[in-house]
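Below is one structure, written out as structure tokens, with a few remarks after it.
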Amino acid sequence: MSISEQEKRKEQERVDQVIDTIDRQLGTLQEQAGHVKADIVNIRKHFWDDVTVNVDDPSEAIETYVSIKQQAEVLSERERRHRHAQKRLHLLTRLKQSPYFGRIDFTEDGDNETQPITLGLTSLLHENGHDFLIYDWRAPISSLYYDYGPGPAQYDTPTGTITGTLERKRQYIIRDGRIRSLFDTSITIGDELLQEVLGQQAENQMKTIVATIQKEQNQIIRNEGNRLLIVQGAAGSGKTSAALQRVAYLLYRHRETLQADQILLFTPNPMFSSYISTVLPELGEDNMSQTTFQEYLEHQLKANFRLEDAFAQIEYVLTAMNEPGYSARMEGIRYKSSLDFMQLLERYVALLKQEGMIFKNVKFRGKTIISAKIIKKTFYSFDPSLSIPHRLELLIDWLLKELKKYARQERKQPWVEEEIQLLDQETYLKAYQELTRKNSYSDDSFDDYEQEQQLLATWVVRKRFKPLRAGVKQLQFIDIPALYRRLFADPIWVNRCKQEQKLPRQWRMVAAQTVEKLEHGKLAYEDATPYLYLKERIEGFRSNTAIRYVFIDEAQDYSPFQFHFIKQLFPRANFTVLGDLNQSIHPHATGNGLALSSLFESEQTATIRLTRSYRSTRPIIEFTRRMIPGGDKIEPFNRSGLQPTVTQAANKADLASKIINHIKTLQAAGHRTIAVIGKTARESQEAYQALKSDVPLRLIQKETASFESGVVVIPSYLAKGVEFDVVILYNGSQEQYGRENERNLLYTACTRAMHELHLYFIGERSPFLK
């Protein structure tokens, strides 16, 4: 039903009234924020003026501490108020430009009065302090807008379910305080609003989608009944966007008990973290903690190994097909990523409870003072029913006592006397002060030369033994690398652990490759998680119980082993994992699905499938979905655009010339983000060298930390999760994308395009493009 001009004028009048209210609230808030800021400056300037400092008298010292604490608390409270005011100012400023995007008229069962509800980025109270002019999109009642058309409807609240009738659903496009478009709809989000949002150019950072959330995305955002939420979605279906709005919803829903730093997001790479970094601040929330799985591995392992990263592994998989040992390495990758290998390690740990632990000698000044043999004998002398970590705790206590004995003996050694003689005055005074403080020696204790030497000898030896004691407490006497290496170097041990399980067909070659890397201080990416798992099972899992929610994006690139390892790291967390099996590009992902079915009980798990793709135009989606099996199930959003092009080049020089001319044409047409996508880092480097003299562009590498507009050259596997106005595939030839394991890589690269997709090739085109 069309909306009359009179009604449109009334709607604009309401927008004007709301903006007037926002202006008044902005003025009040700015004044309050100014006063609070002045308070902060004043407190900092005169902090010590209001504190009585006296540490000589014990009672006065306590008063001093209390006084400082009170001043610090006042300052902290003012700073919190100022941060809150600044956040609210930012939100209200945004709200002024576009106060709301939707309205529903709802009649609750048993109530004759219809309640009009407008939805926006944040809530806005009338100046009477009671009535809502705008409801936050995350409020319980707002779910009606996303989930229902006119007719019977219901929504959940903390006190129960509210039922009623949705009388009307109206949608708005408001820009700079003026209504650009206004329409009633019977579906969740009208195509007109989506067209307006999706037709915009790509930006260097992800946008919020609160105005265009679809019903299935809303189910993701508001899900609270499951420990594990699996989101399987087509490229461009809004998985990541919905996940970020879910974080915002959780922070709103549990605002009294949940902080942003209790939510952790695993992202594909550092550049992607930069790409999504503004979404939550735009919604008025602090960013959650973010990391990549690689960063976690590096933090844990870089002290002991040169660690291969996931992208180096992919580069090997995509470029080393003709190298010796390639097929064995591929078998090893798949096996070490599996739950079968995890179970083999579990059986290995069970054997180590009875025998076979490997320890290191404890050395002091190059001499073994506690041998590995003695340590091993002591370890196995403890109650065998105790777990390995518990026995290690007992072993630490024993070793520290032994070190204490050796330290006492060392005091009389000649090297101690030599070090005492070499003490400078500053170190001597430091030793005196430390011994006085720790041992309550009187001021005249150093008057006696013999006693002085004894005390200094104690101090010198204690300092030299300190790293040894720290190493014992950190379990450095266990030889974890040797324990892991033995599984591959000694067939007896792996045969004892495998039981009925079958090892890879080329196990000998897999084992030899692993041992060779370990002997050179290298750890392959596929070995990193199993190695850490073995280490944690022996030393005791250091889990993080503070994290309440874990989000894993691009989940199809994680192995079954990695999923189970992450779950044990965060035992109290709920998990949201998002992925697309058609974008599986890692060798361990083949045939594994999202490998999540065994993480939690079935009743604790929910799966939501997103089949509608919004990122690309209809012609691009219809083109790309033909590349993959089952692609016909992907539903394109009906946004018109140019057909993708496939162009043959005679040679590399011709290829570069054609692409350069095409980029210049695209820039003249106003496209701001253009990606030239190479298959690998090697090919991307080649493309960059061929194009850089004629077109200003930037080469994206795995170390790149930020995403910027312009023309970029990027490897296919780094482009995951990001979108561009235009994608140019550098060389979609049969040579580059002819193998079955390269099909998903090609699909992933092409589905980064929002508005235009252009593919070039030399020789024969890829069979997946025919």
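Just so it is clear, the values below take in all heavy atoms, side chains as well, and ignore hydrogens, waters and symmetry mates. All figures in this text were calculated on a predicted structure; none of them were measured in a lab. Residue numbers count from 1 along this sequence.
A salt bridge links Lys720 and Asp557; the closest N-O separation between the charged side-chain nitrogens and carboxylate oxygens is under 4.0 Å.
Applying the salt bridge (Lys or Arg N to Asp or Glu O under 4.0 Å) test to Glu742 and every residue at least two apart in sequence or in another chain returns Lys679, Arg739. Scored by the salt bridge (Lys or Arg N to Asp or Glu O under 4.0 Å) test, Arg682 finds no partners at all (sequence neighbours excluded). In terms of the side-chain hydrogen bond (donor to acceptor under 3.5 Å, both in side chains) criterion, Arg625 has no residue partners (sequence neighbours excluded). Here Glu735 pairs with nothing under the salt bridge (Lys or Arg N to Asp or Glu O under 4.0 Å) rule; sequence neighbours left out. Partners of Lys633 by salt bridge (Lys or Arg N to Asp or Glu O under 4.0 Å), not counting sequence neighbours: none found. Listed by chain and number, the residues in a side chain to side chain contact (heavy atoms under 4.5 Å, CB included) with Leu569 are Tyr296, Phe541, Phe565 (sequence neighbours excluded). Residues satisfying the side chain to side chain contact (heavy atoms under 4.5 Å, CB included) criterion with Ser289, sequence neighbours excluded, are Asp261, Leu264. Partners of Gln689 by side-chain hydrogen bond (donor to acceptor under 3.5 Å, both in side chains), not counting sequence neighbours, listed by chain and number: Lys692.
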Under 3.5 Å donor-acceptor pairs involving side-chain atoms of residues 641-649, not counting sequence neighbours:
| unit_1 | atom_1 | unit_2 | atom_2 | d |
| --- | --- | --- | --- | --- |
| Thr645 | OG1 | His758 | ND1 | 2.6 |
| Gln648 | NE2 | Gly763 | O | 2.9 |

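Proximity of a side-chain donor or acceptor of Arg246 to a complementary backbone N or O of Asn223 within less than 3.5 Å is detected. Asn582 contributes no side-chain N or O that, together with a main-chain N or O of Tyr747, makes up a donor-acceptor pair within less than 3.5 Å. With Glu756 contributing its side chain and Val727 its backbone, the two residues share no donor-acceptor pair below 3.5 Å. At distances below 3.5 Å, not a single donor-acceptor pair connects side-chain atoms of Lys702 with backbone N or O atoms of Leu718.
The distance from the CG atom of Asn226 to the OG1 atom of Thr576 is 9.5 Å, given to the nearest 0.5 Å. The CG atom of Asp580 sits 7.0 Å away from atom OG of Ser237, with the distance rounded to the nearest 0.5 Å. A distance of 3.5 Å separates CD1 of Ile621 from OG of Ser613, quoted to the nearest 0.5 Å. A distance of 9.5 Å separates OG in Ser559 from CE in Met342, rounded to the nearest 0.5 Å.
In this structure, Arg329 satisfies the cation-pi test against Tyr316, with its NZ or CZ atom closer than 6.0 Å to the six-membered ring centre and inside 45 degrees of the ring normal. Taking the ring centre of Phe561 as origin, the terminal cationic atom of Lys336 falls outside the region bounded by 6.0 Å and 45° from the ring axis.
Ring centroids of Tyr717 and Phe311 are separated by less than 6.0 Å, placing the two rings close together. The aromatic ring centres of Tyr100 and Tyr172 sit less than 6.0 Å apart.
The 12-atom threshold is exceeded at CZ of Arg618, counting heavy atoms of other residues, nucleotides or ligands nearer than 6.0 Å.
Of the N and O atoms on the side chains of Asp553 and Thr267, not one donor lies less than 3.5 Å from an acceptor on the other residue. No side-chain donor-acceptor contact under 3.5 Å links Gln736 and Gln734.
Here the options are His671, Arg615, Arg639, the test is side-chain hydrogen bond (donor to acceptor under 3.5 Å, both in side chains), and the partner is His755; only Arg639 passes.
Listed by first and then second residue, the salt bridge (Lys or Arg N to Asp or Glu O under 4.0 Å) pairs that reach into residues 283-299 are Lys87-Asp286, Arg138-Glu285, sequence neighbours excluded. Applying the salt bridge (Lys or Arg N to Asp or Glu O under 4.0 Å) test to residues at least two apart or on different chains, the pairs with a partner in residues 653-669 are Asp654-Lys658. Within the structure, salt bridge (Lys or Arg N to Asp or Glu O under 4.0 Å) pairs that include any residue of residues 216-239 comprise Glu224-Arg253 (at least two apart or interchain).
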